There are 2 protein chains.
Amino acid sequence: MTAKLPSRWQRKKDVRPGEILDAALELFVEKGFRATKMEDIARAAGVTKGTPYLYFQNKEDIFKAVVRESLVNELSDLSQLAARHEGDVSSLLALLMEVWWARIGSTRGAGLCKLMMAEAANFPELATFYYQEVILRGRTMVADLIRLGMARGEFRAVPVESAVDTLMAPLIASMVWDHSFGCILQAGEDADPSRRLAVALDLILYGLKNNNTSEEN
Amino acid sequence: MTAKLPSRWQRKKDVRPGEILDAALELFVEKGFRATKMEDIARAAGVTKGTPYLYFQNKEDIFKAVVRESLVNELSDLSQLAARHEGDVSSLLALLMEVWWARIGSTRGAGLCKLMMAEAANFPELATFYYQEVILRGRTMVADLIRLGMARGEFRAVPVESAVDTLMAPLIASMVWDHSFGCILQAGEDADPSRRLAVALDLILYGLKNNNTSEEN
DNA sequence: ACAATTAATAAATCACAGTTCATTAGTCGG
DNA sequence: CCGACTAATGAACTGTGATTTATTAATTGT
């Protein structure tokens, strides 16, 4: 006997926060932080202006919640995947990039990363949080893998941090790109980003690998 | 007999626009577009709220002027440099990156590029303009160089566009990084970005070069 | 069925920042 | 020195959009 009233509104305390955050994610990614109005978020979530304030302090608070919700979990999944893997480091890196693309790069999450970078200066504490929880964690993971590859003789000796930078750069660039100028281009003008990432990785790995022993293959 | 009055304002029609754009560049890079107030720009330029409107339509107009003013010229200088160079392609690419860093990457210009990416969705026409005038031009230049390297046997055969992406990615990443999370970090936590760029380039070039003949060296 | 409770609304508040405009003050030609 | 002109001012206007709050309507327990 709970549902059949065509009343002008519904009480759904338990699901409201999630609905609001979903709507906010969508709009933030599409328009940026400042440009999305609270009323838009509310309407998109099927409620009115005031309702979000029942669940969140203010707009910033919603932004923070959205970021925590959508990015941190994804990243820790990636670490677990890496921890489980057996086999050579190159193929693990390729796998990681593939999964990263599927789970983050090609999703709204990427737009959020880009937004985070765009707004970092305006939200110092959130930026710090994100840096600690997401970026540093990811970098450490990759750095460890590179060291492992070097220890095994799979990779030649290179400065580890710089190699991490080089490997990360295509990911960052693709996220930023797709959600800035990428939106402007005609469809097809910039084909299949996932393949491009793969090629970039190949190129970098080729530069990273110890090619002295590769002749015997 | 023009200057000695301690009057509360000065008439300087010819230099005002430049002063205003300088102030705006500084503030936009520091705070982003929305967060910088017209009054801040005016004050930083040594005038009052109304004055900028004598020279520019509105805030957007100032933003556009700043972008055109500060980025396009720099980039065309780079093309000229490339056109003049003789010698192998690898060293030209290294040189270009070095000059890029000195003239753009390490200057306010980088902050502006980052801002442009952050705001591209809000300024479609400006983004398109920038894409045509700056990005496309730069990419074409690099693509031509890579093709040249391949034709000479200096580089192995790789998909050109992807190689361009890979070479550009560290530049984009460094601009974005330095003006987002980079601001947050303690000094020294992320050492010398120019050296990092150089290492990244080495790594990528190593992956790009045709190593079959390098044994004879 | 009815009080007490609280989710949700919608109208009102409030502050800020972009823009305008009537006024003031230098400038320039004669 | 004077009048026409215009750079510059800064007070006033304005729209917008984030919060607040009084009110309404479900819900829940008894």
Side-chain angles (χ1 to χ4, degrees), chain A residues 1-28 30-66 115 119 121-123 126, chain B residues 1-28 30-66 119 122-123 126:
Chain A
M1 68 173 72
T2 48
K4 82 178 111 183
L5 316 173
S7 59
R8 101 190 118 152
W9 50 271
Q10 308 257 320
R11 287 163 66 95
K12 302 192 292 182
K13 181 183 178 181
D14 41 353
V15 296
R16 285 288 186 232
E19 294 177 342
I20 291 167
L21 291 183
D22 285 352
L25 170 58
E26 193 84 21
L27 287 167
F28 282 151
E30 184 188 328
K31 306 187 180 239
F33 177 74
R34 298 266 179 168
T36 53
K37 300 177 249 193
M38 285 299 274
E39 194 167 5
D40 291 344
I41 295 175
R43 195 174 14 251
V47 295
T48 54
K49 296 177 66 164
T51 306
Y53 290 92
L54 298 178
Y55 300 99
F56 302 94
Q57 294 259 320
N58 51 35
K59 196 176 165 186
E60 281 199 22
D61 197 34
I62 293 180
F63 183 60
K64 293 180 190 178
V66 166
L115 185 57
E119 300 286 350
N122 300 326
F123 299 99
L126 182 55
Chain B
M1 67 173 70
T2 49
K4 80 178 110 181
L5 315 174
S7 59
R8 103 192 116 149
W9 52 271
Q10 309 255 320
R11 289 163 65 96
K12 302 192 293 181
K13 180 183 178 181
D14 40 355
V15 295
R16 286 287 186 232
E19 294 176 341
I20 290 167
L21 291 182
D22 285 352
L25 170 58
E26 193 83 21
L27 288 167
F28 283 151
E30 184 187 329
K31 307 188 178 239
F33 178 73
R34 299 262 181 167
T36 54
K37 301 177 248 195
M38 285 298 275
E39 193 167 6
D40 292 343
I41 295 175
R43 194 173 15 248
V47 295
T48 53
K49 295 178 65 164
T51 306
Y53 290 93
L54 299 178
Y55 301 100
F56 303 93
Q57 294 260 321
N58 51 34
K59 198 175 164 186
E60 281 198 22
D61 197 34
I62 292 180
F63 183 60
K64 294 180 190 177
V66 165
E119 302 286 349
N122 300 325
F123 299 97
L126 181 56

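Lettering follows sequence order; numbering is per chain, from 1. Bear in mind the structure is a predicted one, so any value in this text is a computation, not a measurement. Side-chain atoms are counted along with the backbone in the values below, which use heavy atoms only and exclude waters and symmetry mates.
Figure legend: A:Lys59 and A:Phe33 shown as a cation-pi pair, the cationic atom lying under 6.0 angstrom from the six-membered ring centre and within 45 degrees of its axis.
By the salt bridge (charged side-chain N to carboxylate O under 4.0 Å, His left out) test, B:Glu26 is found to be paired with B:Arg108, residues two or more places apart in sequence or in another chain being considered.
Heavy atoms of B:Phe56 sit nowhere under 4.0 angstrom from any nucleic acid atom.
In this structure, B:Ile20 places its CD1 atom 11 Å from C1' of D:dA7, rounding to the nearest Å. In this structure, B:Asp40 atom CG and C:dC16 atom P are separated by 13 Å, rounded to whole Å. Between the CD atom of A:Gln10 and the P atom of C:dA8 there is a distance of 9 Å, rounded to whole Å. Distance, B:Tyr55 OH to C:dT20 P: 17 Å, rounded to whole Å. When rounded to the nearest whole Å, the span between NZ of A:Lys12 and C1' of C:dA7 equals 12 Å. B:Ile62 has its CD1 atom 11 Å from the C1' atom of C:dG18, to the nearest Å.
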(request) Go along nucleotides 16-21 of chain D 5' to 3' and tag each nucleotide: B for a protein heavy atom under 4.0 Å from its base, S when only backbone or sugar atoms are that close, - otherwise. (result) -SBBB-
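One finds the CZ atom of B:Phe63 at 10.5 Å from the CG atom of B:Leu25 (value rounded to the nearest 0.5 Å).
Around atom CD of A:Gln57, no more than 12 heavy atoms belonging to other residues, nucleotides or ligands sit under 6.0 Å away. Surrounding NZ of A:Lys31 are at most 12 heavy atoms belonging to other residues, nucleotides or ligands under 6.0 Å away.
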(request) Show your working on side chain to side chain contact (heavy atoms under 4.5 Å, CB included) between B:Ile41 and B:Phe28 and close with a plain yes or no. (result) CA-CA 9 Å; B:Ile41 295 175; B:Phe28 283 151; 4.1 Å; yes
(message) Before you tell me yes or no, could you show the steps for B:Asp61 and B:Lys64 under salt bridge (charged side-chain N to carboxylate O under 4.0 Å, His left out), namely the whole-Å CA-CA distance, both residues' side-chain angles and the distance that decides it to 0.1 Å?
(response) CA-CA 5 Å; B:Asp61 197 34; B:Lys64 294 180 190 177; 5.6 Å; no
Give every pair of a protein N or O atom and an N or O atom of nucleotides 1-6 of chain D that lie under 3.5 Å apart, one pair per line with the distance.
residue	atom	partner	partner atom	Å
D:dT6	O2	B:Arg11	NH1	2.9

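For D:dA7, the OP1/OP2 oxygens have no side-chain nitrogen or oxygen of B:Arg16 closer than 4.0 Å. Applying the 4.0 Å criterion to OP1 and OP2 of C:dT9, one finds that A:Thr51 has a side-chain N or O inside that range.
Residues A:Arg16 and A:Ala45 share a closest heavy-atom pair of NH1-O, 4.5 Å. The two atoms that bring A:Leu115 and A:Gly32 nearest to each other are CD1-CA, 3.8 Å, heavy atoms only.
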